[in-house]
Amino acid sequence: MEKAINATDGASGTTKANVPIMETRGLVKRFGSFIANDGLNLTIRKGEIHAILGENGAGKSTLMNMLSGLLAPDEGEIYYNGSQVSFTSPRSAMEIGIGMVHQHFMLVPALTVAENVVLGIKQRSPWFRLSAACAEIERLSASFGLDVDPRKRVADLSVGQQQRVEIMKTLYRGADFIIMDEPTAVLTPPEVQDLFRVLRALREQGKTIVFISHKLQEVKAICDRVTVLRLGKHIASMPMEGTSPSELARLMVGRDIQPPAVRQPPGDGAKLLETANLSAWHGGIQVIRDVTFDLREGEILGIAGVDGNGQRELCEALMGLGTKHAGSITVRGRSIEQPSPIAMIASGVGYIPEDRHREGLMLPMSIGENLIAKQYRQSPFSRYRMLSRRAIRDAAMRAVQAFDIRTPAVDHPAGKLSGGNQQKVVLARELMLRPDILLAMQPTRGMDVGAAEYVHRRLLEERERGCGILLISTELEEILALSDRVAVMYKGRMLDIIDRRHADAEQIGLRMAGL
Amino acid sequence: KETAGGASDNGAGESGFKVALLTPGPVNDSGWNAIAYNGLMKIKDELGAKTQYSEKVTQSDMNEFIRGYATDGYNVIIGHGFEFADPMMAVAKDFPDTWFLVTSASVSQSPNVASISINNREQGYLMGTVAALMSETGTVAAIGGTEIPPITNSVKGFEEGAKAAVPDIEVLTTMTGSNDDIAKAKETAISLIEKGADVVMTNANQAGSGGIEAAKQKGMLAIGSNQDQNPNAPDTVVTSVIQDYPKAMSVVVKSIMDGAMKPEAQTLGVKEGAVYLAPYHGFDAKMAQEVKDKIAATVKALEDGTLTMKNE
Amino acid sequence: MVNKEASAKAVAWTVEALFFALTIALALLAGALIMAAAGVSPWQAYQLIWQGAAGSAGSIKETLVKATPLLFTGLSYSFAYRCGLFNIGAEGQLYLGAMTGAMAALLLPPLPMLVHLPLALLCGFIGGALWGGIVGALKVGRGASEIINTIMLNYAAIYLISYVVTSPLKEAGGSLPQSAALPASAILPQLFGSRLHYGFFLAIATAIVLYWLLNRTTWGYEIRSAGLNRRAAEVMGFPVKRNMLLVMMVSGGLAGLGGYVEIAGIQHRLMQNFSPGFGYDGIAVALLGGAHPIGNIGSALLFGGMRSGANAMQRVTGASTSLVYVIQAIMIMMMLCNRYWLGGYKKALVARLTRGLRKTGAAGANARLNLTE
Amino acid sequence: MGEEMWISYAAAAIRLSVPLLLAALGILFMSRSGILNIGMEGMMLIGSLAGVLGAFYSGSVWMGLATAAIVCSLFGLLFGFLVITTGADQVIIGTAMNLLGLGLTTVFGRSLLGMGTEAVQVSGFPVVRIPLLVDLPWIGPVLFEQNAITYGAFLLIPLAGFLLYRTPWGLQVRSVGENPLAADTLGVKVHRVRYACCSIGGMLAGFAGSALSLGILNQFTENMAAGRGFIALSAVIFGRWTPSGTLVGSLLFGGADALQMRFQSLGIEIPYQFMLMFPYLLTMLALAWFSGKSRQPAATGIPYKSAANRNA
Ligand SMILES: Nc1ncnc2c1ncn2[C@@H]1O[C@H](COP(=O)(O)OP(=O)(O)OP(=O)(O)O)[C@@H](O)[C@H]1O
Ligand SMILES: Nc1ncnc2c1ncn2[C@@H]1O[C@H](COP(=O)(O)OP(=O)(O)OP(=O)(O)O)[C@@H](O)[C@H]1O
Ligand SMILES: [Mg+2]
Ligand SMILES: [Mg+2]
């Protein structure tokens with residue numbers, strides 16, 4: 001383990017002022033006997049965009065939760081604007097101007113955007129003027145290009161739109177110190193550019209931003225200074241200038257990151273999955289329009305697109321998860337009349353759902369019990385309809401080893417793993433099935449570079465094995481890195497599918513925006 | 001006022017004779033269970049026995065209670081209601097020196113199980129007679145709570161009595177299905193009043209007062225059941241037909257004390273003085289002499305046996 | 001190190017036991033205040049409750065008798081709960097089971113006990129399953145709340161029984177609202193000349209079977225998964241809807257079985273209102289037992305003991321049995337406070353007491369944490 | 001249906017709905033803040049007794065109402081303490097509350113009101129005729145000749161709607177019921193909001209209990225809520241957690257019950273038990289017919305530990 005570089009090293013970088021706005025001294029946070037933050041000394045200067053980097057579970061969110069009043073530190077002090085502060089609640093942090101955009105949305109789905117935004121704000125009148133709030137939100141929304149409709153119910157918004165509502169909440173409250181925990185994880189390149197525009201504008205106005213991301217290019221592009229955490233410890237703080245993404249990656253992970261290996265273009269494999277004029281409706285609204293594509297053995301078909309353009313519904317239609325559909329679905333030349341999860345799993349289709357908490361895992365169950373969810377009827381996991389605990393534990397043990405799942409114990413509940421490790425459990429489950437076809441939605445969402453690299457490697461291995469993968473991601477880089485062919489989804493349609501070799505990032509970016 | 005602690009051992013015990021009572025419901029229900037409680041008090045006061053009671057005894061607990069009292073050396077154990085019959089007979093075999101009395105049933109088992117029941121049909125008959133004679137609209141109503149023999153018999157007798165007194169009378173009968181739900185009894189009575197009934201009889205234990213309340217509110221008349229209910233609503237309750245379980249109980253316990261008791265089932269009615277009319281109170285002045293005479297004639301007929309009926 | 005872990009465990013145990021004792025003591029104290037306010041001597045009352053619940057062989061048997069239907073209804077609630085369903089309808093299902101069981105007992109031609117009794121028990125199960133199944137079907141087919149429907153069917157069942165015992169099943173020639181006595185071939189035999197009957201052992205066996213079913217079988221796994229995350233279970237292709245229906249049926253069936261066991265073991269004939277709220281008490285039994293079949297055995301015994309203790313107290317002091325409802329309620333509340341509220345303090349206390357032990361054990365903990373490296 | 005019958009029917013339906021409606025509104029407030037209250041039955045009983053005690057000792061029915069409201073909001077806070085601060089399972093605390101309510105009212109009802117066989121009577125809510133409106137044909141006598149608490153109950157519907165949907169506090173309540181963590185991060189005091197809802201829920205339980213004991217019979221009897229707490233819960237679920245829906249749910253049940261009573265007195269040859277089932281079965285049918293989309297507030301039943309000490 002390297003020795004920590006002094007947090008307050010000299011170089012001022014691009015920041016205008018050198019005044020610290022936020023300092024921590026010896027901050028410690030324990031969860032039971034586990035130390036999530038181990039004596040962190042950190043300085044954040046006024047008016048800078050400060051990146052916090054670290055592997056999954058390095059303690060970034062924990063630290064930020066303490067800075068924003070959501071968690072109370074076990075030891076150590078926090079100084080804000082030179083005076084020591086201790087927060088009793090997020091409200092007390094907010095009152096002095098600290099706002100946070102959380103990694104996992106803090107929204108009330110049943111309420112409208114405007115209601116979410118004004119929630120908790122002290123009102124002068126005993127009842128609201130929602131229309132005034134709506135106007136203000138529209139104004140902010142227009143000026144920062146956030147494009148949120150204040151009257152919509154949050155439950156009806158896509159994940160990307162919800163993220164924007166989260167940003168809106170902090171902006172609306174006029175915070176000076178804004179913490180963003182992986183805000184770009186669900187945004188498309190143009191949206192990221194928009195967000196960066198917003199961030200720069202905020203910086204111009206003298207606001208300080210703490211920016212957490214696993215995407216080193218982004219960090220490089222927008223941040224002034226960077227802090228790296230590993231295993232709850234402070235590793236380094238330095239100005240952005242003069243560092244390279246690969247150096248940061250090494251600091252974070254403690255080793256070098258390899259880009260995906262060059263690989264053979266797929267042969268002319270058999271058609272595994274075909275759809276013709278697939279359409280689907282959700283609550284009377286058409287969400288997929290005439291989608292026609294095929295997926296061949298040993299290829300990865302990447303589907304790019306801004307979140308909320310029908311990708312999820314496409315997967316759900318393919319898996320037979322509830323949406324009413326028209327058109328045909330064919331698996332290995334066999335037409336599937338009534339798709340259902342059971343039928344699709346039986347035909348060898350694996351599915352990595354977008355939302356692992358809602359659809360991917362039974363959080364209170366152990367890793368093992370989650371792993372066998374699609375194979376529990378088979379030997380060795382069950383015999384004569386009785387589960388074999390030993391086989392389940394063995395499977396968990398193997399998966400923990402093979403997928404490098406960081407867990408205190410093999411029979412730990414999945415809900416107590418970090419998000420990235422939870423994702424690995426889902427991945428392990430699907431790959432254990434040796435699927436012929438894999439529908440992978442956002443498979444690396446929220447994962448650090450090291451873990452994401454690992455997932456990518458595994459997906460490519462599956463491809464080598466002959467598995468056809470439908471890779472749906474809002475991260476264009478990921479799509480371009482892995483796919484053999486690329487398509488874009490926009491407003492429920494699948495725009496023309498092109499070969500990766502002819503694909504061009506800029507052009508696809510434009511298509512994603514509907515141009 | 002008494003507290004919930006009903007251990008009424010204070011003024012008793014010289015005789016060393018101990019009587020226990022088990023009731024299916026709360027003893028302050030101004031109805032079925034209250035009657036038994038009054039009977040127990042009468043036994044305590046008049047016969048000087050040491051008394052104890054357990055209320056709201058559920059069917060799964062009966063056996064346990066009966067056995068418990070028998071083990072504790074009680075001389076007489078009274079189960080107030082037919083539902084006590086089975087467990088009484090089961091336990092009685094093990095305690096030949098204890099007397100087991102069941103009310104509202106017709107069971108007996110040698111040497112120590114006897115039962116007493118009141119002729120509720122006669123009770124209902126009298127109530128029906130009074131109601132029909134007091135009615136101006138030609139419609140009277142009887143409301144029952146749950147379907148248990150004392151209630152169903154009185155409702156049946158009510159219909160017969162009313163028809164006998166005024167042949168073209170219309171009798172409306174309804175069951176509320178609950179002896180707890182006053183609100184339901186009251187609303188049911190209101191609905192019957194609105195269908196034209198002007199005299200209402202409600203026999204539903206504690207919920208029964210709901211019927212009287214309805215009549216009072218609507219300015220109609222009511223017939224009380226089981227005990228004198230006139231004091232609660234002096235301008236509404238014409239009279240009440242009383243089933244004198246207290247008297248029956250004390251008579252039987254007395255005969256046990258005297259060693260004269262036989263294991264048999266007895267039914268007591270008007271003739272035995274266990275069913276009779278409460279005073280008319282304020283209505284004495286308001287009722288036509290002719291009506292009073294007719295009622296008296298019916299009572300007479302039941303007393304001398306020219307008119308007989310049996311519980312079902 | 002093993003030694004240290006063992007002593008750390010002992011510390012944790014001691015703290016747990018101390019708090020438990022403290023909880024019970026506080027609950028009893030609160031109960032005593034209420035008793036005193038109601039004019040009953042708490043000391044005498046508690047003595048009697050203890051004697052009635054566990055003071056003699058006879059009272060222990062009585063406790064077991066009382067625990068039997070509670071265990072069935074508790075299991076009924078637990079089973080549905082584990083599938084994410086709230087079955088507030090054990091009361092009605094219990095009645096239905098008693099009714100169908102009694103029908104099988106009374107209406108079938110004479111049969112030997114070995115055939116008749118199991119058949120009647122099965123019919124009891126089926127009756128409850130039917131009542132639960134209606135709710136399950138409405139839930140699966142129409143998305144109708146099982147909470148409302150089970151509550152509604154409780155009332156419907158009570159009226160149905162009232163009808164049955166006054167008309168079709170009424171004892172021939174009798175005038176009372178009750179069925180004829182069940183034939184001996186359909187009655188659960190009693191043991192040791194007491195009221196303790198084989199139903200108690202049936203209940204215990206049922207709990208064990210249910211534990212095994214839930215934790216060791218694939219069906220149990222499907223049920224638990226659906227209970228923890230219904231959407232995920234659907235996505236993973238579990239037959240969630242079918243299971244919800246089946247679980248409601250089994251849950252109802254368990255209560256129904258309890259109903260017939262109660263009348264075949266204790267009442268020996270069908271009457272209305274024979275249940276003093278076993279179905280509702282079952283909810284508390286289930287949840288106090290952590291919705292775990294084996295935990296339910298403990299909580300059913302606790303409740304059974306309270307009930308029979310209450311009866312003994314009532315008989316001697318004449319105090320209302322309602323006092324025991326109050327004590328029961330206070331006890332439930334206190335125990336939950338202990339479990340949920342003080343949980344953090346207990347942990348902190350244990351951590352403090354074992355800090356010395358931990359320091360040297362830390363290396364071991366870290367080793368486990370880094371299992372993968 | 002003739003005018004007379006309609007009026008009597010509709011008025012009865014409304015009277016029967018009022019206690020349900022009040023209790024349901026109490027449950028609604030608690031539900032919207034994420035607290036499932038199946039202990040309403042017990043709270044209502046406490047309210048009934050407290051109302052009678054208050055009225056009995058003060059001589060004023062309004063003091064009775066106030067007593068019930070205060071006592072019940074204290075019990076609401078106790079419920080709140082147990083499920084909010086303690087984080088105990090809400091269903092089991094609800095069950096315990098029912099036990100506690102039944103036990104306490106029985107024990108203290110007797111020791112305070114005495115257990116004489118005649119129930120203590122107090123004066124009830126006055127019937128208020130609203131001038132002019134009461135003369136409207138058909139609806140006048142139905143809607144504008146009710147007792148005071150009925151008007152109160154109906155006025156509470158728009159008030160509840162306003163509170164929940166038009167005020168910042170209502171927004172907090174709704175958000176706390178859906179996603180308390182999110183609300184917490186925005187500075188909403190989750191526990192405070194839930195405590196407020198619990199005490200409002202308790203207060204409304206007190207109103208509901210007094211509507212039974214002071215609005216219908218002016219006396220307390222044991223277990224007089226007779227399952228209305230559970231029916232009220234159904235009304236809330238049926239009404240999809242909105243005030244107006246809750247009103248519909250309560251009226252549906254009250255209306256069906258009133259109808260059932262009228263069916264019975266028509267003398268149709270169906271066993272009365274099946275008529276008694278009618279309101280319950282109708283509720284089920286209506287639910288099956290309209291259901292589908294209804295979804296309870298997402299955080300219902302899940303205790304919330306404030307973010308800061310979640311890991312304590
Ligand atoms: N409430 C908690 N209880 C127990 N452990 C926790 C809790 N919160 C976080 N942890 C653990 O603390 C460690 C740090 O978590 P944290 O969320 O801060 O990581 P992170 O750096 O934000 O990771 P990521 O990049 O995945 O967001 C993880 O190992 C996590 O499992
Ligand atoms: N009740 C709990 N007990 C222990 N740990 C918990 C609990 N609830 C949440 N956690 C932990 O809280 C942490 C924060 O959740 P989150 O999903 O943000 O994790 P993360 O580490 O940021 O995920 P990822 O690594 O994928 O970015 C997780 O590490 C999770 O394990
Ligand atoms: Mg994080
Ligand atoms: Mg993360």
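Side chains are part of it too, since the values below use all heavy atoms of this structure and drop only hydrogens, waters and symmetry mates. Numbers restart at 1 for each chain; the letters A, B, ... are given by sequence-line order, proteins then strands.
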What part of [X] gets within 4.5 angstrom of chain C, counting heavy atoms only: side chain, backbone, both, or neither?
| X | result |
| --- | --- |
| D/Ser234 | both |
| D/Ile92 | both |
| D/Leu281 | side chain |
| D/Leu233 | side chain |
| D/Thr283 | side chain |
| D/Phe274 | side chain |

Check whether [X] gets within reach of chain D through its side chain, its backbone, both or neither, counting any heavy atom under 4.5 Å.
| X | answer |
| --- | --- |
| C/Leu323 | both |
| C/Ile327 | neither |
| C/Thr166 | side chain |
| C/Ile158 | neither |

Pairs of heavy atoms under 4.5 Å with chain C: top-ranked of [options]:
| options | result |
| --- | --- |
| D/Gly94, D/Gly227, D/Gly42, D/Gly101 | D/Gly227 |
| D/Gln273, D/Met97, D/Glu222 | D/Gln273 |
| D/Phe230, D/Phe81, D/Phe278, D/Tyr280 | D/Tyr280 |

Is there a side-chain contact between [X] and [Y], using heavy atoms and a 4.5 Å cut-off?
| X | Y | result |
| --- | --- | --- |
| C/Tyr163 | D/Tyr272 | no |
| C/Lys139 | C/Leu245 | no |
| D/Trp241 | D/Pro297 | yes |

[X] side chain vs [Y] backbone, donor-acceptor pair below 3.5 Å:
| X | Y | value |
| --- | --- | --- |
| D/Ser33 | D/Arg194 | no |
| C/Ser167 | C/Val164 | no |
| C/Ser145 | C/Ile147 | yes |
| C/Ser322 | C/Tyr325 | no |
| C/Tyr46 | C/Leu28 | yes |

**OP:** Have a look at C/Asn154 and tell me which of C/Tyr280, C/Tyr95, C/Trp131 forms a side chain to side chain donor-acceptor pair (under 3.5 Å) with it.
**Re:**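 Of the listed residues C/Tyr280, C/Tyr95, C/Trp131, the side chain to side chain donor-acceptor pair (under 3.5 Å) partner of C/Asn154 is C/Tyr280.
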**OP:** Could you have a look at C/Leu153, C/Leu160, C/Asn149, C/Ile332 and say which one has the most heavy-atom pairs with chain D under 4.5 angstrom?
**Re:**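 Maximum pair count with chain D is reached by C/Asn149.
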